[in-house]
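Everything on this sheet refers to the single structure shown next.
In what follows, every chain begins at residue 1, and chains take the letters A, B, ... in the order their sequences are listed. Scope of the values below: all heavy atoms of this structure, side chains included, with no hydrogens, waters or symmetry mates.
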There are 2 protein chains.
Amino acid sequence: MRRTGDVLGPLVTRLAAIGSLTESDIDALLALPYTLREGKPGWEIVREGDRPSQCCLILDGTFGRFKMAAQGAKQIVSYHIRGDLPDLQSCFLPAMDHTLSALTVGTVAFIPHAAIRHILEETPLLGAKLLRESFIDSSVTREWLCNVGRRSSESRIAHLICEMFTRHRAAGHVDQFTFPFGLTQVAISDSQGMSTVHVNRVLQKLKANKLISSHAKSKAITILDWEGLQAVGDFDPRYLHILH
Amino acid sequence: MRRTGDVLGPLVTRLAAIGSLTESDIDALLALPYTLREGKPGWEIVREGDRPSQCCLILDGTFGRFKMAAQGAKQIVSYHIRGDLPDLQSCFLPAMDHTLSALTVGTVAFIPHAAIRHILEETPLLGAKLLRESFIDSSVTREWLCNVGRRSSESRIAHLICEMFTRHRAAGHVDQFTFPFGLTQVAISDSQGMSTVHVNRVLQKLKANKLISSHAKSKAITILDWEGLQAVGDFDPRYLHILH
DNA sequence: GGGACGACTTAACCCAAGTTAGCCTTGGCG
DNA sequence: CGCCAAGGCTAACTTGGGTTAAGTCGTCCC
């Protein structure tokens, strides 16, 4: 199943990380019709209220889904990286209840709903593997709710870093303990329900405690003490449902 | 489609509130095999780590799903009432990542995974209507994340009351503006990421401002100012995806 | 080369909400 | 009947993290 050279390869890698795929599954996935699009930070792929007719597969970059609360408060409800299918729900619910936008430069493939529905109806076993991606997405949202509701700010950010490291590792772009975190401090604050000032304070504390270090130029993070960071972040990767 | 006298009637009512159902859909739903179970507050229907072989349909009472964080901190990630299918995900993900438990006395029907899978595979159009329930559940979790991450404590609790009122109304047990809220202040605090002391303070403030009133005996709440409560709670029901 | 902008940093101040610790009421049950 | 646990309520005190307000630095672009 070495087909990751294909444009839709990241989807195959992702689904293989969370379930087993047969050769015919892989063939069907790689044969999906798509159109490519690239964009820069701030690009809004689908907006709250839209009624899209295609799903979005992330091929490169970091994306986020967010909702707006009163007085311009923004809450990022999830981050998405290579291989994620963040709006499969749009096949089932007519109107978007949030916005999907790019946080870095990135590339996505749009796959028509009709093609997804065809898989769900004609090959329900493969359909279930696609749906699994969405159920894991829900699981991650629940864990974020725990994070924001019940963990200290230090624990929250440590947890987020652990999660993104684990997901990037499964997506295959991790070099040892260094990975392309790619989030601004503003984005972190919008996802963790805190102020940017405090995000800055906490990141410095994590660095002072030798848990992480960052590389200004590349926007990458290196985890210096993986066990320690998981302990601080109260991180247990089971909610990601990644196979081993 | 007056078949709500059937034991599984609440499922039909629920799915009809979020999508259209054909006569044959209703027949198929009401013909699902099930076993009934009742329980009291604290009853844990499925636990984190379990690998259930059946799904749970709520017939009566209020239930919650929760996860535990470090040092015994509990985060309730959703509430469930009549007609909800809170663990459809267990058909797709082998292990539970949270616990489902009863918050009041209540009744559930267990439906074997095999029967659900049969619907998903043989009648994918009806399957999609079941899945819609789960996608709405995710949407609600995202809104809760907004609540906990970006709203003030007063706004959060007002929002929760608006949500539960709207859901109870769709499930058909609302008398004017009075509905069976049925949550203890401890449960509210565990869901909103606050202390019980503060929940108490905020509830009193909402009552002082004539937005709600409560009936000690029956544990019901009456909304005195629906417009005002929605404004305080920054509540927009679209995320519930209930049809009109 | 210089302005404009976005990301990050720092410090001083302050308040919303947590913590602790009691007390009261209610209802189930031995 | 009387105990006790659960839920609710209150007050006094503390604190984590928000707010505001200035900076610095790098980079893009005219």
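Computed from coordinates, the B:Lys205 NZ to C:dA17 P distance equals 9 Å when rounded to whole Å. Nucleotide C:dG18 holds its P atom 17 Å from the CZ atom of A:Arg151, rounded to whole Å. Rounded to whole angstrom, the span from the NZ atom of A:Lys40 across to the C1' atom of C:dG6 amounts to 13 Å. If you take CD1 of B:Ile188 and C1' of D:dG8, they are 11 Å apart, rounded to a whole angstrom. Between the P atom of D:dG18 and the CG atom of A:Asp190 lies a distance of 12 Å, rounded to the nearest Å. Computed from coordinates, the A:Arg150 CZ to C:dA17 C1' distance equals 12 Å when rounded to whole Å. As rounded to whole Å, 14 Å separates atom P of C:dA17 from atom CG of B:Leu203. In this structure, B:Glu154 places its CD atom 18 Å from P of C:dC15, rounding to the nearest Å.
Among residues two or more places apart in sequence or in another chain, the salt bridge (charged side-chain N to carboxylate O under 4.0 Å, His left out) test is passed with A:Arg238 by A:Asp236.
Ranking D:dC9, D:dG17, C:dA17 by closeness to the B:Gln185 side chain, first place goes to D:dC9. Closest approach to the A:Ser153 side chain among D:dG17, D:dG18, C:dC8 is made by D:dG17 (side chain taken as heavy atoms from C-beta onward). In the set D:dG18, C:dC8, C:dG18, D:dG18 carries the atom at the smallest distance from any side-chain atom of A:Met194.
If you check every strand for non-hydrogen atoms under 4.0 Å, B:Gly42 touches nothing.
A salt bridge links A:Asp84 and A:Arg14; the closest N-O separation between the charged side-chain nitrogens and carboxylate oxygens is under 4.0 Å. Between B:Asp97 and A:Arg142 a salt bridge is recorded (basic side-chain N to carboxylate O distance below 4.0 Å). A salt bridge links A:Asp137 to A:Arg65: at least one charged side-chain nitrogen sits closer than 4.0 Å to a carboxylate oxygen. Classification of B:Asp190 and A:Arg150 as a salt-bridged pair holds, one side-chain N sitting under 4.0 Å from a carboxylate O. A:Lys67 and B:Glu143 are joined by a salt bridge, as a carboxylate oxygen and a charged side-chain nitrogen come within less than 4.0 angstrom of each other.
Dashed line: the shortest gap from a side-chain N or O of A:Ser195 to OP1 or OP2 of D:dT19 is not under 4.0 Å.
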Atom pairs under 3.5 Å, N or O on each side, protein against nucleotides 10-13 of chain C: can you list them with distances?
| residue | atom | partner | partner atom | Å |
| --- | --- | --- | --- | --- |
| C:dT10 | OP2 | A:Gln204 | OE1 | 2.6 |
| C:dT10 | OP2 | A:Gln204 | NE2 | 2.7 |

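Checked by atom type and distance alone, the side chain of B:Asp6 never pairs as donor or acceptor with a backbone atom of B:Gly9 at under 3.5 Å. The backbone N or O of A:Arg151 sits less than 3.5 Å from a side-chain atom of A:Arg156, completing a donor-acceptor pair. Checked by atom type and distance alone, the side chain of A:Arg167 pairs as donor or acceptor with a backbone atom of A:Tyr79 at under 3.5 Å.
Over its length, the helix from C:dG1-D:dC30 to C:dG30-D:dC1 turns its helix axis by 40°, as judged from the five terminal pairs at each end, rounded to 10°.
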